[in-house]
Amino acid sequence: QVQLVESGGGLVQAGGFLRLSCAASGRTFSSYVMGWFRQAPGKERDFAAAISANGFTTYYADSVKGRFTISRDNAKNTVYLQMNGLKPEDTAVYYCAALTNAYYSGMYSKPYAYDYWGQGTQVTVSS
């Protein structure tokens with residue numbers, strides 16, 4: 001079992017920044033891929049970013065590439081999402097997720113590949 005708790009969401013003006021954190025407990029954090037997804041009202045849950053177990057490889061959706069940075073601290077069992085240059089279209093509930101089944105490790109952009117999810121944190125970007 002893995003428990004995930006996000007924090008750091010809030011209201012920010014366009015062009016501003018936020019840093020989301022996701023604290024994990026349970027199974028060995030350093031052994032699995034972590035991802036961030038987001039879901040706007042009335043829309044599907046979309047991939048934002050993912051990071052390999054050792055933190056050496058990162059992946060980004062085109063919509064956030066160059067503005068968002070995912071990182072992890074395995075000593076603190078925490079994954080982060082630094083979001084810069086925020087736009088109104090970034091408004092969504094942001095979820096962190098753990099991909100613990102190695103069979104799905106190459107499917108980091110697919111929600112179904114992740115077996116544990118946090119409760120989500122709201123990010124609102126005003127224009």
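N54 contributes atom CG, which lies 9.5 Å from atom OG of S30 (distance to the nearest 0.5 angstrom). Rounding to the nearest 0.5 Å gives a distance of 14.5 Å between OG1 of T58 and CE of M34. Distance check, rounded to the nearest 0.5 Å: CG of L20 to OG1 of T78 gives 12.5 Å. The SG atom of C96 lies 11.0 Å from the CZ atom of R72; values are rounded to the nearest 0.5 Å. Atom-to-atom distance recorded for E6:CD and C22:SG is 5.0 Å, nearest 0.5 angstrom. Here the NZ atom belonging to K110 is positioned 9.5 Å from the CZ atom belonging to F37, to the nearest 0.5 angstrom.
By the 4.5 Å heavy-atom criterion applied to side chains, W36 and I51 are not counted as neighbours. A 4.5 Å side-chain heavy-atom check between F47 and Y108 finds at least one atom pair inside the cut-off. Looking at heavy atoms from C-beta onward, D73 lies in side-chain contact with Y80 at the 4.5 angstrom threshold. Looking at V64 and L81, their side chains never come closer than 4.5 Å, going by heavy atoms from C-beta outward.
Legend: side chain to side chain donor-acceptor pair (under 3.5 Å) pairs involving residues 82-91, not counting sequence neighbours, sorted by first then second residue: R38-D90, R67-D90, Q82-N84.
Linking Ile, Leu, Val, Met, Phe, Trp and Tyr residues whenever their side-chain heavy atoms come within less than 4.5 Å leaves L4 and Y112 in two separate clusters. L99 and F29 fall into different hydrophobic clusters, defined by Ile, Leu, Val, Met, Phe, Trp and Tyr side-chain heavy atoms under 4.5 Å apart, directly or through other members. No continuous path of hydrophobic side-chain contacts links Y60 to Y114 [ILVMFWY only; heavy atoms under 4.5 Å]. Under the 4.5 Å side-chain heavy-atom criterion for ILVMFWY residues, no single connected hydrophobic cluster contains both M107 and I70.
Atom OH of Y104 has 12 or fewer neighbouring heavy atoms from other residues, nucleotides or ligands inside a 6.0 Å radius. Counting non-hydrogen atoms of other residues, nucleotides and ligands closer than 6.0 Å to CD of Q119 gives a total above 12.
Between Y94 and F68, the ring-plane angle classifies as tilted under the 30° and 60° cut-offs.
Minimum interatomic distance between V33 and A50 (heavy atoms only, all atoms of both residues): CG1-CB, 4.5 Å. V93 approaches G120 most closely through the heavy-atom pair CG1-CA, 3.8 Å. Closest approach of A14 to P88, counting heavy atoms only: CB-CD, 4.1 Å.
Using a distance-only test at 3.5 Å, with no hydrogens or angles considered, no donor-acceptor pair links the side chain of N77 to the main chain of G26. R45 contributes no side-chain N or O that, together with a main-chain N or O of Y95, makes up a donor-acceptor pair within less than 3.5 Å. Using modelled atom types, no side-chain atom of Y32 and backbone atom of S105 make a donor-acceptor pair closer than 3.5 Å.
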